[in-house]
K.L.:
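Next up is a structure, given as structure tokens.
Just so it is clear, the structure is predicted and the values come from calculations on it, not from any experiment.
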Amino acid sequence: MNAYVVGPDRTILPDLIRAFALIGIVLVNVALFAYPPETGYLAGGYRTDADRTAEFVVTAFFALKSYALFSFMFGAGLGFQMAAAERAGASFANRYRRRMIGLFVIGAAHAAFLFSGDILMIYAILGSILYAFRNAQPTRLIRVGVAVMVLQALIILAIAGLVALGETYAPEEMPDPETVSASTKQALAAFRDGGFWDASAFRSMIAVSTVMGGLLIQGFGAFAYFLFGLAAVKTGLINQPAARLWTLARRGLLVGVPLNLAGAALFMSAEVQMSSTTLLALAMITAAGPFSAFGYAGLIAKLAETPPGPVRRFIARGGSATLTAYLLQSLILSLVFSNYGLDLYAELGAAACIGVALATGAASIVATSLWRSAFQRGPMEMLLRRFTYRGDGKTAPNS
């Protein structure tokens, strides 16, 4: 059964956006699989000019943009789920609550056993707040989203200011690029020298701080994109690739790309991962994010304007099972870099790591697309759906 169908009510655009986001996410995340979270590639991943160039490209064109599109489609998912519940005449509140609980549990397992930088727990927390906006008008969703995006940039700037004060007036308290911290030593011991349970213990140990840090640095921005995605469904824009707004979105690249290039250059000049320089760079990239992310979405919309051929359909089909693909990426990279796999932790330069990530991203899209050619949903989507609709007595139409 080839369950992947597009038509007047379902265009290829949402799944193409998801597929693009998945590729970008793995290119950014690989640094956290290959090197200690505290240092990233600064712990030895910059060995050649190719390494620095590869990381610069990823920072400029994918950092905080891929997750932006992923978050955008999460918000759109709320709109799709509401429509499915309405068609089925079921209680959306109960379904949505179970969906967020299920997502959080999957995220917690993901963080412990595969990837400490899990985003699913953050999505479950923020998704619970998003429920309060389910009946908001699109204009309100957009206004609140813009305000939250501004707040996110201001928070990062404020943290950068505090760190700058520390660097100026208490430099002895700030991280020394020549000193290997206890956390870095623990990461090296867990992933380079330890086994599966050592790695899981370390991931679990830093999970809470990772979630809290993620909420602070990315959370507000992610929530803003949730709101934008929900607005896109309410207006029907998500299924109108030829809409004029996507043309306007493409023009945003004229602002986003230069600002991202400047932010990436500043980021690459830092000597330590947590410094006023990197935080200022992140603030710049955050501010440029909406221009670039929606610019990318506009380019993808251009691809979706005409009836899809076999290649676009294959890619989009892979993007229709994002939870499975996201977890599959983590499984592959954890096996590549951990001691219980290929034992390449802190062994490869940034360029090689990013090359591995690109191959992993492509493999995840191919695998999920092949699966979806035979099954209605991805395996993890089936699991989450079964828990979500538990107690309903019936399932909703495909959404």
K.L.:
Looking only at non-hydrogen atoms, find the nearest pair between Ala301 and Pro241 and report the distance.
P.N.:
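Ala301 and Pro241 have their closest heavy atoms at O-CB, 3.4 Å.
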
K.L.:
Work out which heavy atom in Thr235 is nearest to a heavy atom in Gln240; give both atom names and the distance.
P.N.:
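Reported closest heavy-atom pair: O-NE2, 3.9 Å.
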
K.L.:
Please find the pair of heavy atoms, one from Ala270 and one from Ser275, that lie closest to each other, and give the distance.
P.N.:
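Shortest heavy-atom contact: CB-OG, 3.9 Å.
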
K.L.:
Just wondering, are more than 12 heavy atoms of other shown residues or ligands nearer than 6.0 Å to CZ in Phe220?
P.N.:
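No, because the 6.0 Å sphere around CZ of Phe220 holds 12 heavy atoms or fewer from other groups.
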
K.L.:
Quick check on Glu305: does its CD atom have over 12 non-hydrogen neighbours (other residues, nucleotides or ligands) under 6.0 Å away?
P.N.:
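Yes - once you tally the heavy atoms of other residues, nucleotides and ligands closer than 6.0 Å, there are more than 12.
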
K.L.:
Determine whether the side chains of Arg372 and Ser320 contain a donor N or O and an acceptor N or O closer than 3.5 Å.
P.N.:
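The answer is yes; a qualifying pair exists.
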
K.L.:
Could you check whether the rings of Phe115 and Phe33 sit parallel, tilted or perpendicular, using 30° and 60° as the cut-offs?
P.N.:
parallel

K.L.:
Please state whether the rings of Phe196 and Tyr340 are parallel, tilted or perpendicular, taking 30° and 60° as the class boundaries.
P.N.:
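Phe196 vs Tyr340 ring planes: perpendicular.
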
K.L.:
If we only count heavy atoms from C-beta on, is the Phe74 to Leu103 side-chain gap below 4.5 Å?
P.N.:
yes

K.L.:
Does Arg140, at its CZ atom, have more than 12 non-hydrogen atoms belonging to other residues, nucleotides or ligands within less than 6.0 Å?
P.N.:
no

K.L.:
So does Arg52 pair up with Glu55, basic N to acidic O under 4.0 Å?
P.N.:
no

K.L.:
So, Ser66 and Tyr296: side-chain donor and acceptor under 3.5 Å apart, yes or no?
P.N.:
no

K.L.:
Can the ring centres of Phe228 and Phe72 be said to be less than 6.0 Å apart?
P.N.:
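Centroid separation for Phe228 and Phe72: 6.0 Å or greater.
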
K.L.:
Measure the OG1-OH distance between Thr368 and Tyr326 for me, rounded to the nearest 0.5 Å.
P.N.:
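Output value for this atom pair is 15.0 Å.
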
K.L.:
Looking only at side-chain N and O atoms, does Arg317 offer a donor or acceptor that is under 3.5 Å from a partner on Ser369?
P.N.:
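Yes, side-chain donor-acceptor contact under 3.5 Å.
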
K.L.:
Using atom types as modelled and distance alone, determine if a side-chain donor or acceptor of Arg250 lies under 3.5 Å from a backbone N or O of Gly298.
P.N.:
yes

K.L.:
Looking only at heavy atoms, which two atoms of Gly219 and Leu126 are closest? And how far apart?
P.N.:
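What the structure gives for the nearest pair is O-CD1, 3.3 Å.
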
K.L.:
Less than 4.5 Å apart, side chain to side chain, heavy atoms only: is that true for Leu227 and Leu130?
P.N.:
yes

K.L.:
Do NZ/NE/NH1/NH2 and the carboxylate oxygens of Arg18 and Asp15 come within less than 4.0 Å?
P.N.:
yes

K.L.:
What class does the angle between the rings of Tyr123 and Phe70 fall in, given that below 30° is parallel, 30 to 60° is tilted and above 60° is perpendicular?
P.N.:
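Correct class here is tilted.
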
K.L.:
Is the distance from the ring center of Phe223 to that of Phe133 below 6.0 Å?
P.N.:
yes

K.L.:
Any chain of hydrophobic side-chain contacts (each under 4.5 Å) joining Leu254 to Leu245?
P.N.:
no

K.L.:
Is a side-chain donor-acceptor pair under 3.5 Å present for Ser364 with Gln329?
P.N.:
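Present: a donor and an acceptor within the cut-off.
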
K.L.:
About how many Å separate OG1 of Thr278 and CD1 of Ile285, when rounded to the nearest 0.5 Å?
P.N.:
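Rounded to the nearest 0.5 Å, the CD1-OG1 separation comes out at 10.0 Å.
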
K.L.:
Out of Asp51, Val28, Leu348, Leu27, which one pairs with Ile354 under the side-chain contact (heavy atoms from CB on, under 4.5 Å) rule?
P.N.:
Leu27

K.L.:
Could you tell me the separation between the CG atom of Leu151 and the CD1 atom of Ile155, rounded to the nearest 0.5 Å?
P.N.:
4.0 Å

K.L.:
Tell me whether the rings of Tyr225 and Phe294 are parallel (<30°), tilted (30 to 60°) or perpendicular (>60°).
P.N.:
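Tilted: the ring planes of Tyr225 and Phe294 meet at 30° to 60°.
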
K.L.:
Rounded to the nearest 0.5 Å, what's the gap from CG on Leu32 to CD on Glu38? Could you check?
P.N.:
12.0 Å

K.L.:
Roughly how far, to the nearest 0.5 Å, is CE of Met100 from CZ of Arg95?
P.N.:
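Output value for this atom pair is 13.5 Å.
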
K.L.:
Go through Phe337 and Phe191 one step at a time and tell me if the ring-ring contact (aromatic ring centres under 6.0 Å, His included) criterion holds.
P.N.:
CA-CA 8 Å; Phe337 290 103; Phe191 295 113; over 10 Å; no

K.L.:
CZ/Arg203 to OG/Ser338 distance, rounded to the nearest 0.5 angstrom?
P.N.:
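So the gap between those two atoms works out to 5.0 Å.
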
K.L.:
Is there a chain of hydrophobic side chains (I, L, V, M, F, W, Y, each step under 4.5 Å between heavy atoms) that links Leu370 to Ile365?
P.N.:
no

K.L.:
Mark yes or no: Arg134 above the aromatic ring of Tyr131, with NZ or CZ under 6.0 Å from the six-membered ring centre and no more than 45 degrees from the axis.
P.N.:
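Judged by the rule (NZ or CZ under 6.0 Å from the ring centre, within 45° of its axis), Arg134 counts as positioned above Tyr131.
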
K.L.:
Answer whether the closest heavy-atom distance between the side chains of Val26 and Ile332 falls below 4.5 Å.
P.N.:
no

K.L.:
Are Gln218 and Thr286 side-chain neighbours, meaning at least one heavy-atom pair lies under 4.5 Å?
P.N.:
no

K.L.:
With hydrophobic residues grouped by side-chain heavy-atom distances under 4.5 Å, do Ile25 and Val366 end up in a single group?
P.N.:
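As far as the 4.5 Å side-chain criterion goes, Val366 and Ile25 are not connected within one cluster.
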
K.L.:
Please check if Phe62 and Ile217 belong to a single hydrophobic cluster, counting links between Ile, Leu, Val, Met, Phe, Trp and Tyr side chain heavy atoms closer than 4.5 Å.
P.N.:
yes

K.L.:
Between Leu157 and Leu280, is there a side-chain heavy-atom distance shorter than 4.5 Å?
P.N.:
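The answer is yes, as the side chains (C-beta and beyond) meet within the 4.5 Å cut-off.
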
K.L.:
Considering only heavy atoms from C-beta outward, does the side chain of Leu383 approach that of Arg386 to under 4.5 Å?
P.N.:
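When only atoms from C-beta onward are counted, Arg386 and Leu383 do not touch, as no gap falls below 4.5 Å.
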
K.L.:
Quick check: closest heavy atoms across Met121 and Gly107, and the distance to 0.1 Å?
P.N.:
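Minimum heavy-atom contact is CG-C, 3.7 Å.
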
K.L.:
Would you check if Ile119 and Tyr67 make a side-chain contact, meaning some heavy-atom pair closer than 4.5 Å?
P.N.:
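A side-chain contact under 4.5 Å exists here.
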
K.L.:
I want to check something: taking the side chain as every heavy atom from C-beta on, are Leu114 and Leu333 in contact at a cut-off of under 4.5 Å?
P.N.:
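Contact flag for Leu114/Leu333 side chains = no.
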
K.L.:
Please give me the minimum heavy-atom distance between Tyr345 and Ala187, naming the atom from each residue.
P.N.:
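Heavy atoms only, the tightest pair is OH-CB, 3.7 Å.
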
